[in-house]
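Per chain, numbering begins at 1; letters A, B, ... match sequence-line order.
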Number of protein chains: 2
Amino acid sequence: MKLSSRTRYGMRAILELAMEYGKSPLQIKSIAHREDISNKYLEQLIAMLKSAGLVRSVRGPRGGYSLAKPPAEIRLKDIFLTLEGPMVPAECFEHSEYCPGCTDCATRQIWQKLQNAILGVLESVTLADLIDQSIRSKKMTNYHI
Amino acid sequence: MKLSSRTRYGMRAILELAMEYGKSPLQIKSIAHREDISNKYLEQLIAMLKSAGLVRSVRGPRGGYSLAKPPAEIRLKDIFLTLEGPMVPAECFEHSEYCPGCTDCATRQIWQKLQNAILGVLESVTLADLIDQSIRSKKMTNYHI
DNA sequence: CTAATATCCTATTGCTTTAGTAGTTTATAT
DNA sequence: ATATAAACTACTAAAGCAATAGGATATTAG
């Protein structure tokens, strides 16, 4: 079980934007270079984030992308669901009419628990929290050196 | 984000075996029929569970499959990891030499949290727990009718 | 011994998703 | 005007998923 590149790249990209929040917009090529991601592929991922209302854009020279909201108002859950799609462990979560035997109900409860656990973590963390963590860990390394 | 059929089918199949624990072995075709899963595909899934030591088999007429251990000693984590493969959110979890920028470290901590949350749930539940839940929910419906 | 049964093993296939590439169009700052 | 950078659309190679197919092997019953 692993996360898709889409989600990993997208998360790193939006974190770059979060760290630049309040400054001038960041360009695709700049983010792509910093994070070592394909230019054109990143373009598509950021388009997803944009249509989800998490990111806004400015076209033309000196244009680029920036966060649509303060980092403290963007939860990882929003980013995750935008990139990874809706969380649907089993068919019967979408179509309740599917679910023939009652054996499923026992397993279904587990998938429900799993979903809650995942969404719980992603709900509880904002981009601002991530930045704080990042800064703190950098300070730690400085103290050691 | 959704679970693979492999995992969903496999979980339902081994739960069937768990409910039959102590009795004579269950055959592929029987499980496949009860759970409405392709015969041949299920065969492969059960082979995975067998090579993981969760299930044992008897060949020939009146043969079939049964749990290798009591239901209380099989955790969902074991089943899940067998079917879904190792939990590797990002490359740097396998190859720590990968991890160029420090931006990753912030996201990496999130993937770690996510992993812990998922494994935590799966670690805490055994097949015996699932059977208990299943029986209890059946009783509930009986009371209502 | 033989026939039936059910697991075991390997290969192949169609399908979908993923990750990435390519090229053109549109808006905007200078 | 021109350069810049996002916006949009189409395409493609590769991988994984969900099967399907067919024969080999072991075991039991008669």
Query - Pairs where residues 49-75 of chain B contributes a residue and the test salt bridge (Lys or Arg N to Asp or Glu O under 4.0 Å) is met, not counting sequence neighbours - result: B:Arg75-B:Glu123
Report summary line: At a 4.0 Å cut-off to heavy atoms of chain B, the contacted part of DNA chain D spans D:dC17 to D:dA29
Query - Nucleotide C:dC9, atom P - distance to CD1 of B:Ile46 in whole Å - result: 14 Å
Query raised in the report: Considering all heavy atoms of both residues, which atom of A:Met11 and which atom of A:Leu83 are nearest to each other, and what is their separation?
Result: N-CD1, 4.1 Å
**Report entry** Qualifying residues under side-chain contact (heavy atoms from CB on, under 4.5 Å), relative to B:Asp129, sequence neighbours excluded
**Finding:** B:Val125, B:Thr126
**Report entry** side-chain contact (heavy atoms from CB on, under 4.5 Å) against B:Pro61, all qualifying residues, sequence neighbours excluded
**Finding:** none
Report task. Kindly state which residues belonging to residues 64-71 of chain A come within less than 4.0 angstrom of DNA chain C, counting heavy atoms of the residue only, listed by number. Result -> none
Report summary line: With sugar-phosphate taken as primed atoms, P, OP1 and OP2 and all else as base, the protein-contact string of nucleotides 16-26 of chain C at under 4.0 Å (heavy atoms; B, S, -) is --SBBBBB--B
Query raised in the report: Do you know which two heavy atoms are closest between B:Lys113 and A:Val121, and how far apart they sit?
Result: CB-CG1, 4.0 Å
Query raised in the report: So, A:Ser66 and A:Glu20: side-chain donor and acceptor under 3.5 Å apart, yes or no?
Result: no
Query - First of A:Val58 and B:Lys50 reached from the 5' end of DNA chain C, by closest nucleotide - result: B:Lys50
Query - Flag, side chain of A:Arg108 to backbone of A:Cys92, donor-acceptor distance under 3.5 Å - result: yes
Report task. Test side-chain contact (heavy atoms from CB on, under 4.5 Å) on A:Phe93 and B:Lys2 and set out the steps. Result -> CA-CA 10 Å; A:Phe93 276 67; B:Lys2 56 175 294 199; over 6 Å; no
Report task. May I have the step-by-step check of side-chain contact (heavy atoms from CB on, under 4.5 Å) for A:Gln133 and A:Arg136, ending in yes or no? Result -> CA-CA 5 Å; A:Gln133 265 182 31; A:Arg136 216 169 295 159; 5.5 Å; no
Query raised in the report: Yes or no on side-chain contact (heavy atoms from CB on, under 4.5 Å) for A:Leu17 and A:Leu127, after CA distance, side-chain angles and deciding distance?
Result: CA-CA 10 Å; A:Leu17 294 182; A:Leu127 282 177; over 6 Å; no
